[in-house]
Amino acid sequence: MAEITAAMVRDLREKTGAGMMDCKKALVEAGGDMEAAIDWLRKKGLSAAAKKSGRVAAEGLVGVASGPTVAAMVEVNAETDFVARNDSFQAFVSEVAGLALSVGDDIEALKAATYPGTTHSTQEELTRLIATIGENMTIRRAKVLRVPSGTVATYMHNAVKPGLGKIGVLVALEAESELEALESLGRQIGMHVAATRPDALDVSAVDPSALEREKAVLREQAATSGKKPEIIEKMIEGRIRKYYEEVVLLEQVWVHDGESRVKEVVKKAGGKLTGFARFHLGEGIEKAASDFAAEVAAAAKG
């Protein structure tokens, strides 16, 4: 029979939210097989979290936290928007954002870090929250930006509480200028980023594969014009410049005046924009389409 270690029991507890003794018994019954132990707990009705782990969690909150020359942003997902209004869930997101300031933005490191005010891990705290609220939840992603001097400004669009909302932005600005003015500019850039959704900070940071795809499309479009190859290449160059203005933050038109370029605004302020991050809650998560008629039919059969 496989040896049941304390680490195995702890791992099963984090995965299921079940009690320590129940987890040990489950592992004994399953001969040390983790998946079989999870199934055993589910059959006994003892697993609070495992039953929910397969559900799509695309709602929740984005949280930000900041300190001197550093800021962090996290996205924690839940199944419904209702949970985003739960005080315990909001407190958890805020704590995880604050924890990322010191731990960093590696998700596994965040999960393993001791949850503030407790002796257990952040993942274990999340498992307890899942068991209490009754929905699947995940710490999906995190980002930390630092500057040697200056500020990392934060912006939260339509915040439900300070530092919590659906669209969050970090803006790293290096400068020796007055900090208050720099932070104000950072927040303005944050608003700009929230609205324009740039893909890259500067031209050099544009994804090469995305650029090649864009050029291929433009060449095909230009080929139908019947113009000479050298004219077509000039047409493509002009359109690529336009493409940069759409996807590159420093090349974009400043939304606050509709005329200046972002790079001009930053230069005028005596700063240097070195990085940004934008989290839009649930972005990229494939949500299952709801078929209400099918759900009613299934309920009727049941």
Side-chain angles (χ1 to χ4, degrees), residues 14 17 48-49 52-67 70-118 120-145 152-171 186-187 189-197 276-288 290:
E14 289 184 353
K52 303 171 180 66
S53 62
R55 299 178 187 170
V56 175
E59 299 294 339
L61 286 169
V62 173
V64 297
S66 58
V70 61
M73 181 164 59
V74 300
E75 178 182 346
V76 182
N77 298 124
E79 293 177 53
T80 66
D81 185 58
F82 177 78
V83 172
R85 300 191 292 273
N86 181 285
D87 289 339
S88 297
F89 181 77
Q90 292 178 350
F92 178 80
V93 178
S94 294
E95 290 286 7
V96 174
L99 190 60
L101 288 174
S102 56
V103 175
D105 49 24
D106 181 87
I107 293 299
E108 294 309 313
L110 265 178
K111 290 178 180 179
T114 301
Y115 188 74
T118 75
H120 57 256
S121 71
T122 299
Q123 178 59 45
E124 191 170 354
E125 181 67 21
L126 180 60
T127 300
R128 293 181 179 190
L129 196 60
I130 292 170
T132 301
I133 295 178
E135 284 194 13
N136 184 30
M137 302 175 200
T138 59
I139 303 173
R140 183 190 180 199
R141 53 181 172 169
K143 184 66 178 178
V144 176
L145 294 181
V152 182
T154 66
Y155 171 74
M156 185 62 66
H157 185 67
N158 287 343
V160 296
K161 274 187 176 179
L164 296 172
K166 300 297 180 72
I167 301 177
V169 181
L170 303 183
V171 177
R187 284 192 294 273
I189 295 174
M191 293 174 67
H192 174 100
V193 170
T196 63
R197 300 190 296 180
F276 76 95
R278 181 186 187 275
F279 284 1
H280 189 161
L281 179 69
E283 191 172 42
I285 298 177
E286 186 175 344
K287 302 180 185 180
S290 177

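- Annotation for Val93 and Val62: closest pair CG1-C, 4.3 Å, computed over non-hydrogen atoms.
- Between Ala112 and Ser121, the closest heavy-atom pair is O-CB, 3.9 Å.
- For the atom pair OG of Ser102 and CG of Leu110, the computed distance is 8.5 Å after rounding to the nearest 0.5 Å.
- Note that CD of Glu125 and CZ of Phe92 are 6.5 Å apart. Values are rounded to the nearest 0.5 Å.
- Looking at every heavy atom in both residues, Ala194 comes nearest to Ile167 through CB-CG2, 4.2 Å.
- In terms of heavy-atom proximity, Thr118 sits nearest to Thr114 at O-CG2, 3.3 Å.
- Considering all non-hydrogen atoms of both residues, Val193 and Arg278 come closest at O-NE, 3.2 Å.
- Arg141 contributes atom CZ, which lies 5.0 Å from atom CZ of Phe279 (distance to the nearest 0.5 angstrom).
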Practice task
Dump the intermediate steps for side chain to side chain contact (heavy atoms under 4.5 Å, CB included) on Val70 and Val144, then the final yes or no.
Solution key: CA-CA 7 Å; Val70 61; Val144 176; 3.8 Å; yes

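- Atoms CD and CE, from Glu79 and Met137 in turn, are 8.5 Å apart once rounded to the nearest 0.5 Å.
- A side-chain contact (heavy atoms from CB on, under 4.5 Å) with Val83 is found for exactly one of Leu61, Val76, Asn136, Ile133, namely Ile133.
- Residues that satisfy the side chain to side chain donor-acceptor pair (under 3.5 Å) test with Arg85, not counting sequence neighbours, are Asp81.
- Annotation: Lys111, atom NZ; neighbour count of heavy atoms from other residues, nucleotides and ligands within 6.0 Å is above 12.
- Rounded to the nearest 0.5 angstrom, Ile139 CD1 and Leu99 CG are separated by 8.5 Å.
- Taking CG from Leu170 and CE from Met73, the interatomic distance works out to 4.0 Å, rounded to the nearest 0.5 Å.
- With sequence neighbours excluded, the residues satisfying side chain to side chain donor-acceptor pair (under 3.5 Å) with Thr80 are Glu135.
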Practice task
Dump the intermediate steps for side chain to side chain contact (heavy atoms under 4.5 Å, CB included) on Glu75 and Leu281, then the final yes or no.
Solution key: CA-CA 7 Å; Glu75 178 182 346; Leu281 179 69; 3.7 Å; yes

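- Looking only at distances, a side-chain donor or acceptor of Gln90 sits under 3.5 Å from a matching main-chain atom of Ala84.
- Considering all non-hydrogen atoms of both residues, Ile107 and Ala142 come closest at CD1-N, 3.7 Å.
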